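Here the structure comes first, spelled out in structure tokens, and everything after it is commentary.
Everything quoted here is computed from the prediction, not taken from an experiment. A note on names: the letters A, B, ... follow the listed sequences, proteins ahead of strands, and every chain is numbered from 1.
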There are 2 protein chains.
Amino acid sequence: MEKKNKSSKELQNLGKDLVSQIKKGKNPKMKVPQRTINNIVYDKKSNTLKLGNKESTREFFHTGQAKKFLQTVEIAKIIKKELIDTGKHEHLRGIFYMAKRTIPKTNINLVDDQVESDKAIEDLEVITGLSREQLHTSANKMGSVVGKVIIKDGEDAIDWSKLGRGGWSIPSITDEIEFKKVNAKYIIYMEKASIFERLVEDKFWEKNNCILVTSQGQTTRGIRRLLQRLSEEEKLPIYVLTDLDPWGIYIYSVIKYGSIALAHASERLTIPGVKFLGITADDVTNYGLEKHFIKMNEKDLKRLKQISNYQWFKNNKAWQRQFKMLKEFKAKVEIQALSSKGISFISEKYLPEKIKKKEFLD
Amino acid sequence: MEKKNKSSKELQNLGKDLVSQIKKGKNPKMKVPQRTINNIVYDKKSNTLKLGNKESTREFFHTGQAKKFLQTVEIAKIIKKELIDTGKHEHLRGIFYMAKRTIPKTNINLVDDQVESDKAIEDLEVITGLSREQLHTSANKMGSVVGKVIIKDGEDAIDWSKLGRGGWSIPSITDEIEFKKVNAKYIIYMEKASIFERLVEDKFWEKNNCILVTSQGQTTRGIRRLLQRLSEEEKLPIYVLTDLDPWGIYIYSVIKYGSIALAHASERLTIPGVKFLGITADDVTNYGLEKHFIKMNEKDLKRLKQISNYQWFKNNKAWQRQFKMLKEFKAKVEIQALSSKGISFISEKYLPEKIKKKEFLD
């Protein structure tokens, strides 16, 4: 409830400020921190991508800015009135449709494309300092979680250890759940739901006292917040498990360091302590996975080069060694290749061994 | 346990039959029902796509068939020994890696591409009459469910009404869960997880005593089996909710009539009683959604034409009327467009009204 009031108040202040400017006979304007690439900095202290200090001004009486100004104010109104004040949440696409109306006495739509409402929402995030979740705006719902954890979501107490083979379906917004009881030593976050099902069937989480999280593809904000909260509130280490390819490494990179698109939200999304568990280039030789090499194509190789040049990887010797080995391999390896060593090799040998030996990349 | 024995036995019989042929000095062969397009028929009686009666023979001493023969036998062995007999399940990709080994004293891999192991598994399905699930083979894990239902999965009793905003994460195989208590009048299956979250937040399932299921994209086998079982075992009507476009209509078509790729599995996947709830072309005029038209591109229009010519739609007047209207619109409409009428318009007006008036397409 308190959080809700805070968000509501911030938006109200934005409106009040504009009204007061108008009453003073001024051209109403807002200060918007710039989200362009040249205002995104890699903050060595926090080890994350962040926004710099550059700001733009958005004015109402300005032919190039009037529409954007209007969009920002309208979206702020929708979010305050229809979402925060009613306790509801809406997806980006739904907010687009809620905002898509003809400006009275014109033929002009307030927004014609979702990009416009999305940008307005991002602007509101940086103007108010509120996160998208605090603005009651959601993105994708995806992923599952299991483990010896009891949470509270609304009225429901949910025991993640009593959900059979499915697990709890992670909602798009995880800011409002409460951790009631957490009994786990660490978290494994994995790219692939098929590996999650393997580990669940093998009762890996029960035997090893850990939490398993999967996303089916890209890591949603809901999952990133969930992981960040478990890391900060419960001090649990998090290990990332992906394919050995530039795309898997980038999944790890985004969770740990943030992304350019969401640099303004780094504080609420990144998890500097997260570690990469595998598949590593060393695993290939240690576990004899060479015969399951899949040749990298042009796109893979280009992406690998880009990633190896990222500021946060550039001076990281352990990672540069991995990149070098990968470039020599000219090949990638899927996590499922471990099945060739036996269906439960991953849960009986690979994971326990690597975790025991602390074979992580940081 | 009984099911497991049945599957194990069927595979054993296949092996025994081959051994007995060999002992008689014969060239060992298997009869494989054809899964090519010219053996797929639309069965008017059951209203589903099915396999016809054409069979092929696969022989061991045959230059063109020896490898496929070997692949089929090897995959049968892996499935019996590593999966069914151990009670484990594996994804298609994992089975591929389990089968991918070099044939002794050659340089030849048993399988080089997942397509080969996938085909062998499909062949085993039609040879033995066992479903992929009975062969302990899984595909994608996807989707969520909520409602007043208590199921049992392994040792866990899971109450779908006590899972907060997330719901139960549906596993890739839903054949083995038990329905313990089902208190619902109908099921809504929806294409989009964002709509699921809207309905969950509005407590639609509680107020209207129904079950909500979503998939995030294509309908997985796990969801199709779950819906089919709820339809058959609990006699619940199922309503499908998608965008108004050829892709949404095809989602409905696959659930109801089956698909060409899985025609051999129709009996265990299709749900002839399922109805299409919306968005319909009539909704566009009834609810004034014209302003949210999104122009159809070439690909959309081509797909629309294909679908309207499907045998099961061809003589269906109600659907032909829809297709005609869509062709006139030359546009599609997203389900989220309903948000333009108010954030909870879908749960407070659109759905209750349509369901009360029984405005379904069959």
Side-chain angles (χ1 to χ4, degrees), chain A residues 82-83 86-98 100-102 109 138 140-145 151-158 161-173 176-177 193-194 196-198 200-202 214 216 291-292 334 336-340 342-344, chain B residues 82-83 86-98 100-102 109 138 140-145 151-158 161-173 176-177 193-194 196-198 200-202 214 216 291-292 334 336-340 342-344:
Chain A
E82 309 285 338
L83 304 184
T86 63
K88 295 184 180 182
H89 302 75
E90 185 53 284
H91 283 245
L92 294 169
R93 190 74 183 157
I95 294 177
F96 161 66
Y97 278 111
M98 289 168 84
K100 191 182 162 221
R101 58 181 188 85
T102 313
N109 279 332
S138 44
N140 298 326
K141 172 176 167 58
M142 194 87 85
S144 320
V145 59
I151 62 155
K152 197 141 186 233
D153 186 16
E155 294 298 302
D156 299 338
I158 305 162
S161 71
K162 304 275 184 211
L163 295 173
R165 274 165 286 195
W168 190 52
S169 181
I170 301 170
S172 59
I173 295 184
E176 295 166 35
I177 66 171
S194 59
F196 177 86
E197 289 206 306
R198 169 84 273 117
V200 169
E201 187 162 88
D202 291 345
T214 187
Q216 291 126 280
K291 67 178 290 195
H292 301 298
E334 287 183 306
Q336 291 103 318
L338 293 170
S339 303
S340 65
I343 181 167
S344 294
Chain B
E82 309 285 338
L83 304 184
T86 63
K88 295 185 183 184
H89 302 75
E90 185 53 283
H91 283 245
L92 294 169
R93 189 74 184 157
I95 294 177
F96 160 66
Y97 279 110
M98 290 167 81
K100 190 181 163 221
R101 57 182 190 85
T102 313
N109 279 332
S138 45
N140 298 325
K141 169 173 169 62
M142 193 87 84
S144 320
V145 60
I151 63 155
K152 198 142 185 232
D153 187 15
E155 294 299 302
D156 299 337
I158 305 163
S161 72
K162 304 276 185 210
L163 295 173
R165 275 165 287 195
W168 190 51
S169 182
I170 302 170
S172 59
I173 294 185
E176 293 164 37
I177 66 171
S194 59
F196 177 87
E197 289 208 304
R198 168 84 274 120
V200 169
E201 186 162 87
D202 291 345
T214 188
Q216 291 127 279
K291 67 177 292 194
H292 301 298
E334 287 183 305
Q336 290 104 318
L338 292 171
S339 303
S340 65
I343 182 167
S344 295

Between [X] and [Y], what is the shortest heavy-atom contact and its length?
X	Y	answer
B/H89	A/I343	O-CD1, 4.1 Å
B/L163	A/D156	N-OD2, 3.4 Å
A/K162	B/I158	O-CG1, 3.4 Å
B/W168	A/S169	C-CB, 3.9 Å

[X] side chain to [Y] main-chain N or O, any donor-acceptor pair under 3.5 Å?
X	Y	answer
B/K100	A/A337	no
B/K88	A/D202	no
B/K141	A/G166	yes

**Asked** Under 3.5 Å, is there a donor-acceptor pair linking the side chains of B/Q336 and A/H91?
**Response**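 No, no side-chain donor-acceptor contact under 3.5 Å.
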Under 4.5 Å from any heavy atom of chain A, what part of [X] do you find: side chain, backbone, both or neither?
X	value
B/L83	side chain
B/R198	side chain
B/F196	side chain
B/T214	neither

**Item:** Among B/P171, B/A193, B/G342, B/S138, residue most engaged with chain A (heavy-atom pairs, under 4.5 Å)
**Value:**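 With the most close heavy-atom pairs to chain A, the winner is B/P171.
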**Message:** Given heavy-atom pairs under 4.5 angstrom as the criterion, report whether the side chain, backbone, both or neither of A/N140 touches chain B.
**Reply:**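 It is neither, since no heavy atom gets under 4.5 Å.
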**Message:** At a 4.5 Å cut-off on heavy atoms, which part of A/K152 comes close to chain B: side chain, backbone, both, or neither?
**Reply:**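 Contact with chain B involves no heavy atom of A/K152 at all.
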Nearest-0.5 Å distance, [atom1] of residue [X] to [atom2] of residue [Y]:
X	Y	atom1	atom2	answer
A/S339	B/I95	OG	CD1	9.0 Å
A/R165	B/E176	CZ	CD	4.5 Å
A/M142	B/S144	CE	OG	10.0 Å
B/E197	A/E90	CD	CD	9.5 Å
A/L92	B/S194	CG	OG	10.0 Å

Looking at [options], which has the largest count of heavy-atom pairs under 4.5 Å with chain B?
options	result
A/E82, A/R101, A/M98, A/E201	A/E201
A/S161, A/S172, A/G94	A/S172
A/G167, A/S340, A/S344, A/G143	A/G167

